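Bear in mind that the values here come from a model prediction, so they are computed numbers and not experimental data. The chain is numbered in sequence order, starting from 1. Every heavy atom of this structure was used, including side-chain atoms; hydrogens, water molecules and symmetry mates were not.
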Amino acid sequence: MSALRCVFVLLLFTLSCRAERRRSVRKDSEPLVIDDIAFDSELDRNADPCTSRGCMWGKSSDGKVYVPYTIAGHYTSRERSIIERGLSSFSESTCVRFIARTNQRDYINIQSDSGCYSYVGRRGYSQTVSLDKQGCIYHSTVQHELLHALGFNHEQCRSDRDQYIKVLWQNIQRGWEYAFDKINTLNQDTPYDYNSVMQYHKYAFSGNNRPTMEPIPNANVNFGQATEMSKNDILRVNRLYKC
């Protein structure tokens, strides 16, 4: 097993354990966190994609989409730098601009909570994007959670997933099967992308150290190793927000 894969598998295992622990000790003031997606309640789990219900961030008259944010003060300067790099990366290739909040009503509140998670899309008022200091401060992870906040779901949950990914249900850790539920996603005429930053690694949520996903028809295709947004990730942002 390569060093990169070892690190990735360990990270997923750590975050899975954190998410599982979070579900079991959830406080009334905390959202329901399943995998790395936050919900207001259990009833929201199988809801249609939020972009059909108006959860997108609004576009300004100058054609830009401004998303206000705050960053908690408990991050080190290095950690904050990684987070800010992820925020600014969207301005390099999309019309999305993450801007420091002044007095805007709706904004994302980036803090080190239990694990990595975000709501999908704009929720209204303050919404948490958790980037745990212990395991979430990576460029790809920051981009991943920000894409959730913009309205995007996981690649392996796409409506056409079964044409490209075979889920090996027998290898999934018991209780985590829902992480592979298909969603009626808006795919925007873009192809399934094994290199998407939203695509999980082949060992994600494995209960027996065997792969939980296999690409089809070519089982040898590498996937789930993105270190930054792919061209398709960027294209989808631009298409969704009509950049």
Side-chain angles (χ1 to χ4, degrees), residues 12 15-16 19 31-59 65 67 90 93-96 108 116-124 127 129 140-169 172 176-202 204-205 212-217 221-226 228-243:
L12 283 175
L15 297 184
S16 296
L32 172 67
V33 179
I34 300 178
D35 189 5
D36 73 329
I37 296 179
F39 301 90
D40 286 329
S41 73
E42 183 76 17
L43 297 177
D44 290 339
R45 272 189 55 183
N46 295 319
D48 290 334
C50 74
T51 51
S52 66
R53 306 194 310 276
C55 77
M56 292 170 58
W57 297 82
K59 180 176 285 189
V65 177
V67 182
F90 284 80
S93 52
T94 77
C95 62
V96 174
I108 61 172
C116 323
Y117 70 80
S118 171
Y119 288 96
V120 175
R122 181 178 184 172
R123 306 294 294 184
Q127 63 185 74
V129 171
S140 58
T141 306
V142 175
Q143 289 185 329
H144 180 109
E145 300 305 337
L146 292 176
L147 282 169
H148 278 319
L150 290 173
F152 293 90
N153 279 283
H154 295 127
E155 193 74 0
Q156 71 273 3
C157 295
R158 272 177 58 133
S159 57
D160 60 352
R161 180 269 311 284
D162 292 338
Q163 300 177 44
Y164 306 96
I165 287 285
K166 178 181 180 181
V167 178
L168 305 176
W169 300 99
I172 299 173
W176 288 95
E177 293 85 357
Y178 61 80
F180 299 88
D181 288 346
K182 284 193 297 183
I183 299 173
N184 187 25
T185 50
L186 178 65
N187 298 325
Q188 304 176 92
D189 294 322
T190 60
Y192 192 95
D193 188 1
Y194 295 114
N195 296 314
S196 169
V197 76
M198 306 304 282
Q199 170 68 58
Y200 274 1
H201 191 271
K202 67 189 296 184
F205 304 106
T212 54
M213 289 178 282
E214 179 180 286
I216 51 178
V221 171
N222 291 323
F223 67 96
Q225 299 179 349
E228 62 182 358
M229 290 190 295
S230 70
K231 291 181 179 179
N232 280 310
D233 289 326
I234 294 169
L235 176 61
R236 291 166 190 165
V237 172
N238 286 323
R239 285 190 176 176
L240 181 64
Y241 283 93
K242 296 179 171 57
C243 294

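- Residues S230 and D193 have side chains that bring a donor and an acceptor to within less than 3.5 angstrom of each other.
- A donor atom on one side chain and an acceptor atom on the other are not found under 3.5 Å apart for S196 and N232.
- F223 is linked by a side chain to side chain contact (heavy atoms under 4.5 Å, CB included) to I165, Y194, Q199, K202, M213, P215, counting only residues two or more places apart in sequence or in another chain.
- A donor-acceptor contact shorter than 3.5 Å is absent between the side chain of T94 and the backbone of N238.
- Between the CG atom of N153 and the OG atom of S159 there is a distance of 10.5 Å, given to the nearest 0.5 Å.
- In this structure, K166 places its NZ atom where only 12 or fewer heavy-atom neighbours from other residues, nucleotides or ligands lie under 6.0 Å away.
- Summarising the geometry of V120 relative to C55, their closest heavy-atom pair is O-SG, 4.2 Å, with the distance given to 0.1 Å.
- The backbone N or O of G224 sits nowhere less than 3.5 Å from a side-chain atom of H201 that would complete a donor-acceptor pair.
- You'll find the side chain of L240 reaches within 4.5 Å of the side chain of F152, heavy atoms only.
- Note that CZ of R158 is 12.0 Å distant from CG of N184, once rounded to the nearest 0.5 Å.
- In plain terms, the two heavy atoms of P191 and E155 that are nearest each other are O-OE2, 4.1 Å.
- Rounding to the nearest 0.5 Å gives a distance of 5.0 Å between CG of N187 and CG of D160.
- With sequence neighbours excluded, the residues satisfying salt bridge (charged side-chain N to carboxylate O under 4.0 Å, His left out) with K182 are D162.
- Side-chain atoms of Q143 come within 3.5 Å of backbone N or O of M229 as a donor-acceptor pair.
- For W57 (side chain) and A149 (main-chain N/O), a donor-acceptor pair under 3.5 Å exists by modelled atom type.
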Item to complete: Determine, step by step, whether D189 and R239 satisfy the side-chain contact (heavy atoms from CB on, under 4.5 Å) criterion, reporting the C-alpha distance in whole Å, the side-chain angles of both residues, the deciding distance to 0.1 Å, and the verdict.
Response: CA-CA 10 Å; D189 294 322; R239 285 190 176 176; 3.8 Å; yes
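- To the nearest 0.5 Å, the span separating OH on Y200 from SG on C157 amounts to 8.5 Å.
- Between V197 and H144, the closest heavy-atom pair is O-ND1, 2.9 Å.
- Side chain of E214 to main chain of L168: no donor-acceptor pair is present (N/O by atom type, distance under 3.5 Å, no hydrogens or angles).
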Item to complete: Go through the steps for L150 and Y241 under the test side-chain contact (heavy atoms from CB on, under 4.5 Å), then give the verdict.
Response: CA-CA 9 Å; L150 290 173; Y241 283 93; 4.0 Å; yes
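- Atom OG of S140 sits about 10.0 Å away from atom CD of E145, to the nearest 0.5 Å.
- Distance CD/Q163 to OH/Y192: 11.0 Å, rounded to 0.5 Å.
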Worksheet item: So W176 and Y178, side-chain contact (heavy atoms from CB on, under 4.5 Å) or not? Walk me through it.
Response: CA-CA 5 Å; W176 288 95; Y178 61 80; 2.8 Å; yes
